[in-house]
Structures are given as structure tokens and as C-alpha cells.
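For reference, the structure is listed below as C-alpha cells.
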Amino acid sequence: MSTEPLPTEIAPSVQAPPSGAESPRQQEMPLAVVHGQPVLQIPQDLYIPPDALEVILEAFEGPLDLLLYLIRRQNLNILDIPVAEITRQYMDYIDVMQEMRLELAAEYLVMAAILAEIKSRLLLPRPPQEEGIEEDPRAELVRRLQEYERFKKAAEDIDTLPRMERDLDNAQAFVPDRAVVKVPPVVDLREMLLALRDVLHRAELYGHHAVEREPLSVRQRMGDVLRKLGDGTFHRFESLFEVSEGKLGVVVTFLSLLELAKDRLIEIMQEAPLAPIYLKALATAETAD
Amino acid sequence: MEQEKLNNIVEAALFAAQQPLTLPMLAALFHEEDGVGHEDLARAVETLAQTCEGRGIELVEVASGFRYQVREAVHPWVARLWAERQTKYSRALLETLALIAYRQPITRGEIEQVRGVTVATSIIRTLEEREWIRVVGYRDVPGKPALFGTTRQFLDYFNLKSLDQLPTLAEIREIADPDPQLALAPEPEAAPNDATNPSDPPADAEGAAPADTPSTTEDAA
Amino acid sequence: MEQEKLNNIVEAALFAAQQPLTLPMLAALFHEEDGVGHEDLARAVETLAQTCEGRGIELVEVASGFRYQVREAVHPWVARLWAERQTKYSRALLETLALIAYRQPITRGEIEQVRGVTVATSIIRTLEEREWIRVVGYRDVPGKPALFGTTRQFLDYFNLKSLDQLPTLAEIREIADPDPQLALAPEPEAAPNDATNPSDPPADAEGAAPADTPSTTEDAA
């Protein structure tokens, strides 16, 4: 590293526009208007006339912003800031600031202190053995400035995005009929089962209604059979069975027929032994289709 | 200003405005130097109205001006944007439904006997409208009361192949309140039509509690 | 359902809705028997977007779905519909928003550290009221400061589909510094001969070093 020809100390007028560092202010916009006079430029150092202090504080988003401006636009050498002078001036402001936005001004004071500290550390000769161990005291500040600059730019970029209200708007059409469609509520099976459990508990309290185990498919089939017999006419016993359902299906249907007969919901007729068996619902609604 | 650009501005303005716009209101959007006359605007509105033909919206003139509106023909679909989820079913309805499922075919009177209270007609109607129950026959007693049973839609909704997949009554009696793990055969997929409602909160909304416990246990408590 | 009718329904729904609609939301408008699949809907949206070409409105996709919006080109005229609208935001607010957008999740203290100034409570409140940011958690340090993140409404408002579409965060720019040893750039060797870096000082430009620093930088070199 040490053999590399490095530029020696140079004043960091880094952001010098190609046109030359001597005329960096030519394209400045007025920053603010103070007492009727446009403030076209920020002072070269951090000295801010008390009159303009409030305006300056409003024009910048804080000491980092101000410092960044001075470095980028005014070619301020951050190594060259007359810290002692600025500190004295800042102290003078305190009286003025007390009637203004002290909490904002305090941040500028902190920055002045940071600058002063940096300066003092740079001025102190360092023992050679610490070489390469101690970081340049400016590094942390420079890092902060760079980090802040990225987000300052990001904020500007976001501001240029086309956005609703300013650049865009919703396109909407009128809806003549706002009749609301009703969607039935969601039912959780568990809820229904819990409801049933409570009914059963309650029913038991009343002392009747034994609960026995039974295949529910028979219950379902009972309903199916009743539907089939809903026309009130006689149906052939065999017509109620579906061969495709297999043995189990036949059993379920048969059990359901026995249950229905027991409940006196259907009538089973056979005119003679081995004659066809007929079934008929015992009651059908007059309005049945 | 070219007619096409003018048309575009009028179109956008009519879509952006919250209320109908009159020709004078439209005219106010333009500067003197745009050189836009009333005839230009009238022509724009007419052109725009024509381009709506055969589409889902139309440009109409009402008392207070011109506006774009949704065509009646597509309204039945569009209206579902504002579909309202009804409040939860009552305990009485759930009990009735459960009894019909487990005791079918069953009459209203029999349900009332078990529950110890009257079953409101509205409950039966709601269940019938939802097509979860139906009349499967009539009991041969005075009054010929209807016998209710559950439907295929009922099974579909609860993701059941058959009623046998429901727990037995004995198992149900053992359900403990705080126990969220009910030994159900197929987990009742939180309602099938759940995801389809645009008014549903976004899926990632915080606190989207799993459907299974909170409300239920509250009810049961 | 025919594609044309489907297109019309989607068009009307997008114009009728108060907010962007996703494909699932659009799908929810149809009944099972309409037989509308996601591809049909995607095709409808695409067709509708195409028919907006050269018109005053456009169909775009933002974070929370598809929406029709007024094109930027005609917006200046349309904006005259509204006399006064707050469309400017302070730099403080935008910088805070940028930090939350690019560095989320982030605490207020972390924002203040980067910006070097206090973040006014009113800024956070404004951003929350606009629903552009929300608390996404709390950092596990003393005081448990809230962590902020951006919302879908933020993306919608800025016409973005996702955070990826935000402008790329700027590169770190060299700060005027005479000392290339200052380990700020990841690769110090690259900087001096990098002709593309406009912030590099001309090597010979600044001969006059300030009197007060040379020993330090020499030490470091």
C-alpha cells in the first residue's frame, strides 16, 4: 500500500462541476426570502446570520442536510471548517434560539460539536504505533453524510413517482343499483356438533330420550326412501335397492325400511306369499308433486 | 386541441368525477388557449357514448349531467362486490340442524320435544333456503307434519361423503368444551365459499385466527 | 360464459369498485355455473387493458390488484375538477417515508440516526393516517420501540406493484476527501482510476493542501 503513489493532501472540492469550482453558485435557486431579500446562497461557512437563522433551519432538513449542501454545492472542505469560529457563533445564537425552535437548533449545535471534535482529533499528532488502527476521525461523519444523502435522493425519487391525486386518479363508474347481495354465514361443523351436545345434555336433564349408537347412513336412507315414496303410490320393494351400492347398500336400505315401518312412516304390503312386495308412504302432503 | 385528446380528457374527467358533469362543467376544465367549444365537448360526449356500446358500462345523461355507469345487464355480477355476510347463525338454528342430521326423518314437533322449546318457522325457512334440509315426507298423524332430512348440499358444505362420517352421538356427548381437537373424521374445511368473498379481509391480515376455536368456545361457554 | 360477457363484467366491476381488485376477488363475482377460470379472467383484464390504449384512462396493476385510473397525460385537466387538494408533502415526511420503505422494518430512532434530526410525531401520525405505514413489530431492546413498515396502500398510492418497483437506492457517492485510505468505498483501489466516477477529484487539481492537516494524512498513507 505504501508504495502506491497516492495523491497527497488535496482540498476536497470534490463535487466541483466540470465548469470549474470557481463558479458553483451560478445555478442556485433562491433558498428563501428574508426581509424581502432573496437568500440566494448559503454562507460559505456555517456562519448563519441570526436574521436568516429561522429560514435556514426551515430550508434544511437538519445539520446533515446543511453540511451535505455545503460540501456538494459549495465545495466546502469539511477538513477546513473554521470550527472554533463556528462554535463561538453557534453559542451566540442560543439567546436567539430560545424564542424559536430550540429543539431543531440543538441538532445544529451537536453537529458543531462533532465537527469541533473531529478537528481537534485531526490536529492531535498520533503515535506512529497506532497507525492503521485508529480510524480517521472523519470517517464516521462521512459515512453518515453518505447514508443520509442516499435517502435524501430516495425521498426525491419517491416524490417524482406518479402518485394518486397529484398525477393520477381513480376512474370510477356509477352503480345505479346498490342492492346488497346477502351471503349466508359460515358454519363450522364443530359448532353444530357442540350445539347438538348441549341439546343432548339438556334432554338428559329432562330424563327421557336415550341416546343409542346407530348408523347414520340408515337415517339418511330413510329420508331418501320417503322421498321416493313421496308420490303416495305403491312402489315395488326391489325398486328401492340399487345394485350398484353392493351388499352394504342393500343392508342400509333394508334397515331403513324396517325403521320406517317401525316408525309407522311406511306401509309394507304383500298380497300373498312370494308375491311382489309393495311399499307406500303412510302420509303424503296434499301438495306433494 | 385535437378532438382525440379532448375526448380523452372528457373521458377521464367523467370517470374521475364523483358526480355527473354538465357540458359547462366540462368546459371549465379547459383553458382559453385550448380552444375548446361546446360543440367539441358535445361531440366528445357523443363519441364516448358510442364507444361504450356492447360494453359493461355506459355513458348516460341524467338530470345533473353526464356520467358513466354500470350497465344493468352486468349488475347481478357486479353487485357481488358488496355482498354482505350475514351474522352468525343462532344456537337454536344449529341445534335444529344437528337434530335433523342425526334424527332424520324428523318432524318439527319432535325437534321441539328434544330441545324443550319451540322451533321458530324462520329457522326452518333459513335451513330450507340454504338447501341444507328438505321435506322428505309426512308423518301419518293428525296434521300430517312434514318430515325433514338433510340434503346432498348439506354433506357437500361440510365436506362429508355421507352422514356416517359425522361423530356418533356417544362421541359427541364426550366433547369437552376447551378441547379444540374434536375427533372428527375429515377436518371441516372452513367453509368452502370462504375465499370467494371480496369483502373478506386480506389473507395476510394479522390475527386471522384459525377458524376452529374462538367463537365456538365462546358460544359453548 | 362467453369471453365478451366476461370482459364486460370485469370491466364494470373494476369501474364500480372503490379499490383495486385482485383476480380472486374478480373470480368471486361469478357463480360456479358461470364456469369462469382464472385464465379467462386474466385474459379479460389483458384485453381490457389493451382497449385503453390511446385513451384517457388506463387499466394498471398495483399492489392490491387491478384498477382503472386517469392517465397522467390528461390529469392536469382532470385535476381542475378539484379546486384545492393537498398533494405536496414535506421533505421531512418524504425522507421518513423513504427510510421506512427502503429500510423496513425500522424504528423511529433508527430513522433519526440517519436523518440527523428528530422525527416529528406528527409525521409518523400522518403516515399512519394515510395508511402508508404501520407498526409491524417491536424491536427487542429497552423501550421496545415500534418497527415500521410500508403497506399495500402505500404502493397503490405511488402506482407500484411491489417494493421492487421503487427507484433503486442511489449508490454511495464519494464524499470530498483527499485521503483514499479512508476506508469508505468497499474497494479503495478502484476509486482513483475509475474514470466514470464524477466525484473523483482531478489528480492534479488541488495542489494547495490546507496547512493544518498534512501530518495526519501522511501518517495514514
Okay, L229(A) and chain B: the region with an atom under 4.5 Å from a heavy atom over there is neither
One should read off an interatomic distance between L196(A) CG and R115(B) CZ, to the nearest 0.5 angstrom, of 11.0 Å
Whatever's closer than 4.5 Å to a heavy atom in chain A on T150(B) counts as neither
Check: For I172(B), does its backbone N or O pair with a side-chain atom of R197(A) as donor and acceptor, under 3.5 Å?
Finding: no
Whatever's closer than 4.5 Å to a heavy atom in chain A on L147(B) counts as side chain
Turns out that what part of V60(B) lies under 4.5 Å from chain A's heavy atoms comes down to neither
Output for pair (M192(A) CE, Y102(B) OH), nearest 0.5 Å, gives 6.0 Å
For residues 61-70 of chain B against chain A, heavy atoms under 4.5 Å, the residues are R67(B), Y68(B), Q69(B), V70(B)
Looking only at I106(B), T96(B), L99(B), V78(B), the option with the highest number of non-hydrogen pairs under 4.5 Å against chain A is L99(B)
Residues, nucleotides or ligands: over 12 heavy atoms within 6.0 Å of E4(B) CD: no
To the nearest 0.5 Å, atom CD of E191(A) lies from atom CZ of R91(B) at 7.5 Å
Side-chain donor/acceptor of R139(B) to backbone N/O of D263(A), under 3.5 Å
yes
Distance col, row Y157(B):OH vs L189(A):CG, nearest 0.5 angstrom, shows 10.5 Å
Cut-off 4.5 Å, heavy atoms of chain A, and the answer for R71(B) is neither
If you tally heavy-atom pairs under 4.5 Å between each of V225(A), L282(A), L260(A) and chain B, the highest tally belongs to L282(A)
### side-chain contact (heavy atoms from CB on, under 4.5 Å) between F15(B) and D169(A), intermediate numbers included
CA-CA 9 Å; F15(B) 275 123; D169(A) 259 290; over 6 Å; no
How about F174(A) and L14(B): do any of their side-chain heavy atoms sit closer than 4.5 Å?
-> no
What one should report as the nearest heavy-atom pair of F158(B) and V187(A) is CE2-O, 3.5 Å
Item to complete: Answer yes or no: does atom CD of E271(A) have more than 12 heavy-atom neighbours from other residues, nucleotides or ligands under 6.0 Å?
Response: no
Greatest number of non-hydrogen atom pairs under 4.5 angstrom with chain B, of M222(A), K228(A), R264(A), falls to M222(A)
Checking E259(A), R219(A), Q220(A) against P105(B) for side chain to side chain contact (heavy atoms under 4.5 Å, CB included), the one that qualifies is R219(A)
Item checked: Neighbour count >12 (heavy atoms, 6.0 Å) for atom CZ, F237(A) -> yes
